[in-house]
Amino acid sequence: MAKIQAVFERLQAQGRKALIPFITAGDPDPALTVPLLHTLVRAGADIIELGVPFSDPMADGPTIQRASERALAKGVSLRQVLELVASFRIDDQHTPIVLMGYANPIEAMGVDAFAAAADRSGVDGVLVVDYPPEEGIEFAQILHQYGLDPIFLLAPTSSDQRISQVAALASGYIYYVSLKGVTGSASLDVAAVAARIPEIRTRTGVPVGVGFGIRDAATAAAVAEIADAVVIGSRIIEEIEQSSADQACTRVFALLADIRRGMDAATNRQGGTTWVR
Amino acid sequence: MAEHDYDLPDARGHFGPYGGVFVAETLIAALDELREAYAAAQRDPQFVAEFAYELKHYVGRPSPIYHARHWSDALGGAQIYLKREDLNHTGAHKINNCIGQALLARRMGKPRVIAETGAGQHGVATATVAARYGMQCIVYMGAEDIQRQAANVYRMKLLGASVVPVESGSRTLKDALNEAMRDWVTNVSDTFYIIGTVAGPHPYPMMVRDFQSIIGRESIAQMQEQCGRQPDAVIACVGGGSNAMGIFHPYIPVAGVRLIGVEAAGDGIATGRHAASLTAGRPGVLHGNRTYLLQDENGQITETHSISAGLDYPGVGPEHAWLKDSGRAEYVTVSDAEALQAFHDLCRREDIIPALESSHALAYATRLAPTLAKDQILLINFSGRGDKDMHTVAEKSGITF
C-alpha cells in the first residue's frame with residue numbers, strides 16, 4: 001500500500017500532479033504489453049492502470065471495448081495479466097500498477113487467491129468497476145490484508161454520504177469519474193469538476209484522480225490544476241489501435257510526453273516548485 | 001395457505017448470496033432514484049389502480065386458464081392446465097412488466113425509454129407501451145438477432161421505436177443489455193431503462209417480479225375456482241426467468257406445489273451448445289447482479305445457444321439462483337429437439353401455437369405427466385404465442401415460404 005502513497009507524497013513535495021495512463025493488457029498483443037508499460041513510464045507516467053480484458057465491459061465505450069476484444073481474441077486471461085505485471089517488475093520495481101477490470105474474472109479465480117497472486121506479481125492496487133462500496137467491503141478488506149490498495153470510483157452524481165462511504169474504504173487514490181457516461185466520451189467540463197473536488201477533499205485525505213473524457217494536453221493541464229492525478233485511457237488506446245506494432249511505443253511515447261509537459265507547465269504556473277525532468 | 005414468510009430480497013437487493021447492486025458508481029444515483037420512486041409508487045393507490053386498469057383494459061387480463069384435455073389424454077397421466085399469457089396484447093407475458101415500468105417512468109417524469117431485446121418480444125412490448133404513453137423509445141438489439149428476427153424489428157419500427165444494432169461482443173442479447181446500460185449511464189437524467197427480465201441490479205429483479213406476479217396471483221384464484229385446489233406442480237421456461245418468477249412467486253409459500261423451471265439444453269448440455277445457466281453454470285457477477293452464469297474457467301462469459309432466442313442468455317435472475325440453492329424450486333432442461341416436438345404436439349392436439357420459449361415448459365410436461373396419476377394437475381405458464389417463430393420452425397422442417 002505504501003508505494004502509491006509514496007508516489008503522491010513525492011509529487012506533492014515537488015508541486016507536481018500524478019499522470020496515470022491506462023492501457024488494456026494484451027492489446028493488441030501480449031508481447032507488446034511490457035514494452036508499452038516501460039514506454040509509459042519513460043514518457044512520464046507516475047502510476048499505470050492496466051485493464052484486465054472482460055467479455056462484457058459494461059462501463060466502457062467503444063474504444064476500450066475493442067481493446068478488450070482484441071486482447072480476448074489473443075486468449076488473454078487474468079492469470080496472464082498477472083504474469084505480464086511480473087515480467088514488467090523485472091526491470092521496474094517502482095512504478096505502481098493498478099489493475100482495472102470487472103468482478104467476474106476475479107471471482108472466477110477466487111478473491112483470496114487473486115489477492116495473493118496479485119501481490120506476488122507486483123500489483124499495487126485494484127479497481128473493480130462493478131464493485132461499488134456496498135458490494136466491495138469484503139473485497140477491500142482482503143486487498144488490505146495483502147497490502148494492496150482498493151481503488152474506488154466516485155461520480156458527479158455521488159451523494160455526500162457516498163463520498164464518506166468510499167472514503168472509509170479507499171486507499172491509494174480515489175478515481176473521480178468526470179462525467180455521466182462511459183469511458184472515451186467526448187469532453188469533460190473542467191469547471192464542473194473543479195466545483196466538486198473540494199467537497200470530496202473535505203471528506204477524505206486520499207488523493208483524488210480525475211478521468212473520463214481527457215483527450216489532450218490542454219485538458220490534462222486544466223485537470224492537473226484542480227486534482228491530484230490525471231487519468232487518461234481511451235486516447236492512448238486509440239493511438240495503439242492506429243499504429244502498426246513496431247510504431248505503437250513511439251507514438252504512445254509522443255502522446256504521453258506531450259500530456260506530461262502540459263501538466264507540468266500548468267502546475268509550475270500554479271506555483272509548484274520548478275522541476276526539470 | 002401460509003401468508004408470506006418469504007420476504008426476499010433484503011433492503012439491498014440480495015436473495016441469499018445472489019442479486020445485489022454490482023454496477024459502476026455512475027449508475028448508483030439512478031438506481032437509488034428508481035428504488036425510491038418504485039417504493040413510493042407501490043404505496044400509492046392511484047398507481048396501483050392505474051396499473052390494474054391497464055392490465056384489464058389494455059392487456060386483456062385476467063388471462064384464462066385452459067384445461068388441455070386432448071393433450072392430457074394423449075399423454076395418459078396428469079391433467080395439464082395452461083395459463084394463457086399468449087392471449088395478452090402483443091402475444092406474451094412481457095407486456096405486464098412493460099406497463100408497470102412505463103407508468104413508473106411517466107411518474108418519474110422521464111420522457112425517453114430504452115430497452116434491450118433478444119428475440120424482439122420485450123422490444124415490441126416496450127415500443128408498444130412507449131407509443132401508448134407518448135414516450136421516445138430506443139431498443140438495443142444484437143446485430144445477429146436483428147437478422148434472425150426481421151419481422152419483430154419491423155414491428156418495433158412501425159410502433160415508432162428506433163432499433164439500434166449492437167455490434168460489440170457476441171452481437172446478441174447480453175451485448176444489447178451492455179449497450180442499454182451504457183446509454184442509461186450517459187442519458188440518466190431524462191431516460192428510464194425498462195429491463196425485460198428479472199435480472200440486472202436491484203431493484204430490477206424485484207420490481208419485474210412484482211409486475212409479473214399478477215400471473216401467479218390470478219392462477220391461485222383461478223385454480224381454486226376451476227379445480228377446487230392448487231396444482232401439484234407449476235412449470236415454466238427460464239431464460240432470464242421473468243415468466244417463471246411471475247407464476248412462481250405467489251406459489252412460494254403454498255405448500256405441496258412443486259415449482260419447476262425449464263432451461264434450454266439447446267443441442268444438449270454435453271455439447272456445450274446450450275443456455276442452461278442454473279444447470280451447468282457457476283455463480284458470478286454480470287449485468288449488475290450475482291447469479292449463476294455460463295462462463296469459461298477464466299470468468300469470461302460464454303456464448304449460448306437455444307432454438308428459442310428468448311432463452312438464449314448466459315445468466316438468469318438472481319431469485320431463481322436462490323430458489324435453486326434453497327431447494328424450493330427445481331430446474332431441469334429440455335433440448336431444441338424436444339421443444340420443437342412439443343411445439344408440433346400442441347399445434348396438432350390443442351390447436352394452439354406456442355412460442356418456442358413456452359414449448360420448453362410444454363416439453364417437460366410431456367416427460368412428467370405420464371409418470372403421474374390421472375387426478376394430478378400440472379399448471380404450465382404458456383408464456384407466449386408462436387407466430388414469431390414460424391420462420392424458425394418452418395426452416396427446421398425444411399420449408400421455405
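Just so it is clear: chains get the letters A, B, ... in the order the sequence lines come, proteins before strands, and each one is counted from 1.
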A/Phe152 vs A/Tyr131, ring-ring contact (aromatic ring centres under 6.0 Å, His included): CA-CA, chis, key distance, verdict | CA-CA 8 Å; A/Phe152 284 95; A/Tyr131 276 161; 8.5 Å; no
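Interface residue B/His287: backbone and side-chain heavy atoms are both found under 4.5 Å from chain A. Heavy-atom distances place the side chain of A/Val177, and not its backbone, under 4.5 Å from chain B. Heavy atoms closer than 4.5 Å to chain B are found in the side chain of A/Leu72, but not in its backbone. When heavy atoms are compared at a cutoff of 4.5 Å, A/Glu69 approaches chain B solely by way of its side chain, counted from C-beta outward. Neither the backbone nor the side chain of A/Pro156 comes within contact range of chain B; no heavy atoms are under 4.5 Å apart. Residue contact with chain A, scored on non-hydrogen atoms closer than 4.5 Å, involves the backbone and the side chain of B/Ile301 alike. For a residue to count as touching a neighbouring chain, one of its non-hydrogen atoms must lie under 4.5 Å from one of that chain's; by this rule A/Leu153 touches chain B with backbone and side chain alike. With a threshold of 4.5 angstrom between heavy atoms, B/Leu177 does not approach chain A through any atom at all.
Across A/Gly181, A/Pro133, A/Pro53, A/Ala155, the residue that shares the most heavy-atom pairs under 4.5 angstrom with chain B is A/Gly181. When B/Gln295, B/Glu167, B/Glu179, B/Arg182 are compared by the number of non-hydrogen pairs under 4.5 Å with chain A, B/Arg182 comes out ahead. Ranked by non-hydrogen atom pairs under 4.5 Å with chain B, the options A/Arg79, A/Glu135, A/Gln65, A/Glu134 are led by A/Glu135. The most heavy-atom pairs under 4.5 Å with chain A, out of B/Glu297, B/Met181, B/Lys174, come from B/Lys174.
Two rings, from B/Phe22 and A/Tyr102, have their centers 6.0 Å or more apart.
For B/Trp322 (side chain) and B/Tyr18 (main-chain N/O), no donor-acceptor pair under 3.5 Å exists by modelled atom type. Between the B/His305 side chain and the B/Arg273 main chain, no donor and acceptor come within less than 3.5 Å of each other. A distance-only check finds a donor-acceptor pair linking the side chain of A/Ser159 to the backbone of A/Arg162 [under 3.5 Å].
Under the 4.0 Å criterion applied to side-chain N and carboxylate O atoms, B/Arg112 and B/Asp183 are assigned as salt-bridge partners.
B/Tyr331 and B/His320 have perpendicular rings, their planes meeting at more than 60° on a 0 to 90° scale where under 30° would count as parallel.
Heavy atoms from other residues, nucleotides or ligands lying under 6.0 Å from CD of A/Gln161 number 12 at most.
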